[in-house]
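Residue numbering restarts at 1 for every chain, and letters A, B, ... go by the order of the sequence lines. Here the structure is a predicted model, which is why all the values come from computation and not from measurement. In what follows, every heavy atom counts, from backbone to side chain, and hydrogens, waters and symmetry copies are set aside.
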Amino acid sequence: MSATMKLKQGSFLWYLYLDKLYCLLSVRNVKALLEYFHLLDVHHNNTLNDVLFYHFLHHVTSWNRTQIMIVFNMLDWNAMGEIGFDQFYMLVCILLAQQNHLEEQFIFRHSRPVFELLDLDGELRIGAENFHMYNFLFNIKKQDLRELYHDFDITGDRRLNYKEFKLFTIFTMDKYQERQKAEKDKDKGKKDLLKKKRLHHVNVSLKQFLGINVSESRL
Amino acid sequence: MEEKPFKASLGSHGSDKSSPDNDIRNLWTRATLSQPKLNVPRSSVGENSDMEGGGIGRKSRRWYNQKAGRDSDGGWEEWDDGEDKGSFKQEDLNESSLLELELRRASSLGSRLGEDVDSVTDTEMSSSESSLSISKHTPHRAYWMEQQNRLPLPLMELMENEALEILTKALRSYRSGIGRDHFLTKQLQRYIEGLKRRQSKRLHLLVH
């Protein structure tokens with residue numbers, strides 16, 4: 001299963017965007033999304049069944065059938081065999097978070113609903129196998145998963161309760177912000193270096209020019 | 001086409017940011033029978049619908065001019081070109097053509113309408129003039145309020161095209177899974193046909 005999902009370029013979802021801070025859609029985007037949902041709701045139930053859901057995700061994402069059905073089963077939290085708009089909206093936010101590399105921020109901002117999604121059995125605890133099954137959704141690497149269970153399983157039961165999970169989200173958010181800062185500094189360093197090189201080049205050219213002029217005047 | 005500026009006996013109506021005189025909506029909502037012949041330049045029809053609080057043209061542009069905050073993916077920025085502004089103007093003009101059609105349909109002035117229809121030339125100015133004459137009798141305000149709540153047409157078109165592709169593939173799955181004669185398959189088939197009819201109708205309106 002490939003971890004990096006890409007939305008189909010030019011598709012309707014591709015044009016939507018999340019608010020970077022809260023990782024949610026704007027009201028205007030939700031209105032458009034609702035219209036889109038109703039277009040797909042061919043049986044007028046305000047839901048999408050598994051077939052419609054599969055073809056929708058297959059059209060707009062690069063996920064395979066297994067991944068799509070895992071997502072469907074995860075979202076069908078009432079076991080109705082159909083997905084309502086609430087779940088559809090949640091899914092779109094997750095897709096956009098992945099598309100825009102905002103996974104850490106999304107999990108941090110919406111830790112409770114994400115926890116409830118991953119808690120398949122309703123035991124208020126998430127095992128490592130749950131996380132592993134959904135790592136394609138949130139792009140969590142194996143190494144991070146290992147660290148997660150090593151560092152945050154305070155109770156020692158090899159499962160995370162909500163508080164432990166919340167700590168994990170805070171930690172990954174900090175790491176994400178440090179990474180952003182490091183990238184910014186790196187870019188800034190590159191720009192400064194480029195500036196110095198240009199200045200040096202200008203100086204050299206100027207000296208050469210003056211050097212020629214001085215020799216001509218002596219003659 | 002005459003370039004006589006439109007001297008409207010328009011009251012001040014709130015929004016001051018753009019010139020109210022050139023706004024197409026003023027032609028529909030405030031003009032009276034005593035108005036001189038309207039010859040608003042075609043170029044100003046789409047350009048100047050950027051009034052505060054409404055305007056399909058402005059909404060369309062606002063949708064597509066928003067910066068998503070992402071650098072390379074394009075998103076809304078893709079629509080933020082001069083070329084696309086041209087297409088939005090076309091869309092605004094087409095909106096006004098649709099408005100004219102609806103106003104005509106709504107009007108109860110049969111013979112007068114017939115005269116107006118007879119006198120309509122190819123230019124939009126003639127059609128706007130005839131529509132003006134019946135604007136007093138049509139529920140324009142309700143129409144504009146409805147227009148302001150609608151999504152932009154280019155977006156609707158994109159969504160419908162995509163939905164059509166998805167549903168066509170779903171229909172194949174329905175047929176192979178539950179058979180052609182199942183009521184759900186038939187319902188989906190009817191829905192797809194309805195969607196295609198709506199699209200071709202809109203295309204037909206745009207072309208003409």
*Check whether A/His101 gets within reach of chain B through its side chain, its backbone, both or neither, counting any heavy atom under 4.5 Å.*
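Contact with chain B involves no heavy atom of A/His101 at all.
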*Select one option (side chain, backbone, both, neither) describing which atoms of A/Asn49 are under 4.5 Å from chain B's heavy atoms.*
side chain
_A/Glu104 and A/Lys175 ion-paired at < 4.0 Å_ = no
*So do the side chains of A/Phe12 and A/Val92 get within less than 4.5 Å of each other, counting heavy atoms only?*
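The answer is no; the side chains never approach within 4.5 Å.
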*asked:* Just so I understand: if I count every heavy-atom pair under 4.5 Å between each of B/Lys169, B/Gln187, B/Glu162 and chain A, which residue has the most?
replied: B/Glu162
*For the residue pair A/Ser111 and A/Tyr162, confirm or rule out a side-chain donor-acceptor distance under 3.5 Å.*
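Short answer, yes.
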*Measuring heavy-atom distances to chain A, does B/Glu165 have an atom under 4.5 Å in its side chain, in its backbone, in both, or in neither?*
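Contact with chain A is through the side chain of B/Glu165 alone.
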*Which portion of B/Leu164 sits near chain A, non-hydrogen atoms under 4.5 angstrom*: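 For B/Leu164, there is no contact with chain A at all, as no heavy atom is under 4.5 Å.
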_Between B/Tyr174 and A/His43 (judged by ring centroids, cut-off 6.0 Å), do the two rings come close enough to count as a pair?_
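Ring-ring flag for B/Tyr174/A/His43: true, centres closer than 6.0 Å.
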*asked:* Between A/Phe108 and A/Tyr176, is the ring-ring contact (aromatic ring centres under 6.0 Å, His included) condition met? List the steps.
replied: CA-CA 11 Å; A/Phe108 171 70; A/Tyr176 170 77; over 10 Å; no
